[in-house]
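Working notes, structure below.
All ligand and atom numbering here is 1-based and tracks the order in the structure. All residue numbers in this chain count up from 1 along the given sequence.
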Amino acid sequence: MNLHEYQGKEILSSFGVRIQRGIVAHNPQEAVAAAKQLTAETGTQWHVIKAQIHAGGRGKGGGVKLAKNLQQVEEIAGQIIGMNLITPQTSAEGKKVHQVLIAEDVYYPGPSETSEFYVSVLLDRAKGKNMIMYSTEGGMDIEEVAENTPHLIFTEEIDPAVGIMPFQARRIAFNLGLDGNAFKEMTKFVTALYTAYVESDASLFEINPVLKTSDDKIMAVDAKVTIDDNALYRRPTYAEMRDLREENPIEVEAKAVGLNYVALDGNVGCMVNGAGLAMATMDLIKQAGGDPANFLDVGGTADAKRVETAFRIILKDPKVKAILVNIFGGIVRCDRVAQGIVDAYKNMGDEIKVPIIVRLQGTNAEIAKELIDNSGLAVHSAVQFQEAADKVKEVLS
Ligand code: GDP
Ligand code: MN
């Protein structure tokens, strides 16, 4: 589950990580009130208006702007709220902005120069360890840094059983070229950041930029946080932070009815039982010259009701030109699935306008094939994997 910047910062702050402070606003009036409150609490004269959407690169797309007085706060908030923000990380249509974060200006002048760093914590699955990735090249696209100047990206492996050791925090601060108070602040920052990552069951904390202010404080100016979905049951306060408006609406609906559905860009809808078979089926579709429109694991209980629900979900995607049903009948009997398909087809009538190819293998596969062939419906049945692929090719051409 991805979070908004303001939610990520809330979590960071609760673990003692210093953040650029801000208040969320949903309209220009709230923005002005928020700006006044921030000035009262922090003394900031200028404010940054930051669009809250689940995508980075907002600055480049015009979703992060500096306001030098309250009138500008009102104007800029009015422009950004409701806009369709297109960034290098959104689709071409962009994302609608429902709210902004009014933040204190932390790039104020002072005794030293400000500098921006990159720091993230993530899981290295191959090593079975957590990893802190960091760079002196903050504030820019980290993929670009990795491409052009990979030697400027450092990593620190953290053994999850031991946690972050003081010498590791010091090595990070040293490699970032810091000294004096900024050095001390950075060791505290990365230690608290690592604790926040572990204690919140996150799979990613990406802070870009981490700012060294002109008076040598270290703070998070941005926050990209992903919480592991499988841990949400024990993190109810984070589960409540989910913003469904930011997620694919078909995926949200599928989740609500307990289907394991991931939307993709292709033209062939898939209904499969078991994640492994689903992956193999997607490969098969590719081989046949199609592109999977989704990943869908209907699970072990593929009864008529579930099959119908799955059809309805798949058909919500207008890109779908054909549907391939590939079910292995182990515990679930093929004839029951076949009956489910026939019933669903009859119930949905002319809602199904695309060809359906069904491959049922396993328990009672022959009875199932007969059921489908004798149903009089426009459903193509296949027995072999290759046969199913050929039929997909045929209906797409
Ligand atoms: P992103 O573009 O989605 O990654 O959004 P960020 O939160 O990283 O903000 C983008 C850029 O806005 C930062 O890299 C900063 O250069 C700038 N910015 C953020 N906060 C401030 C601020 O308080 N003052 C000024 N002057 N610039 C800021
Ligand atoms: Mn950023």
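Using a 4.0 Å cut-off between charged side-chain N and carboxylate O, Lys255 and Glu247 make no salt bridge. No salt bridge links Glu387 with Arg359; every basic N to acidic carboxylate O contact stays at or beyond 4.0 Å.
In this structure, the side chain of Thr44 engages the main chain of Asp105 through a donor-acceptor pair within 3.5 Å. A donor-acceptor contact shorter than 3.5 Å links the side chain of Asn84 to the backbone of Glu93.
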Walk me through it: do Glu308 and Asn347 pass the test side-chain hydrogen bond (donor to acceptor under 3.5 Å, both in side chains)?
-> CA-CA 8 Å; Glu308 183 174 335; Asn347 272 339; 2.9 Å; yes

Could you walk me through whether Val48 and Val221 pass side-chain contact (heavy atoms from CB on, under 4.5 Å), step by step?
-> CA-CA 11 Å; Val48 191; Val221 167; over 6 Å; no

Measure from every N or O atom of ligand 1 to the protein's N or O atoms and keep only the pairs below 3.5 Å, writing each with atom names and distance to 0.1 Å.
from	atom 1	to	atom 2	distance (Å)
ligand 1	2 (O)	Arg58	N	3.2
ligand 1	2 (O)	Gly59	N	2.8
ligand 1	3 (O)	Gly57	N	3.2
ligand 1	3 (O)	Arg58	N	2.8
ligand 1	3 (O)	Arg58	NE	2.7
ligand 1	3 (O)	Arg58	NH2	3.4
ligand 1	4 (O)	Asp222	OD2	3.1
ligand 1	5 (O)	Arg58	NH2	3.1
ligand 1	7 (O)	Lys50	NZ	2.6
ligand 1	7 (O)	Arg58	NH2	3.2
ligand 1	7 (O)	Asp222	OD2	3.4
ligand 1	8 (O)	Asn208	O	3.2
ligand 1	8 (O)	Asp222	OD2	3.1
ligand 1	16 (O)	Glu116	OE2	3.3
ligand 1	20 (N)	Gln20	NE2	3.2
ligand 1	23 (O)	Gln20	NE2	3.0
ligand 1	23 (O)	Glu104	O	3.4
ligand 1	23 (O)	Asp105	OD1	3.3
ligand 1	23 (O)	Val106	N	2.9
ligand 1	24 (N)	Asp105	OD1	2.7

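Considering all non-hydrogen atoms of both residues, Leu176 and Thr136 come closest at CD2-N, 3.8 Å.
Between the side chains of Asp283 and Gln287, not a single donor N or O lies within less than 3.5 Å of an accepting N or O.
Linking ILVMFWY residues whenever their side-chain heavy atoms come closer than 4.5 Å, directly or via other members, leaves Val97 and Met241 in distinct clusters.
Among protein atoms, those of element N, O or S found less than 2.8 Å away from the Mn ion (ligand 2) are Asn208 O, Asp222 OD2.
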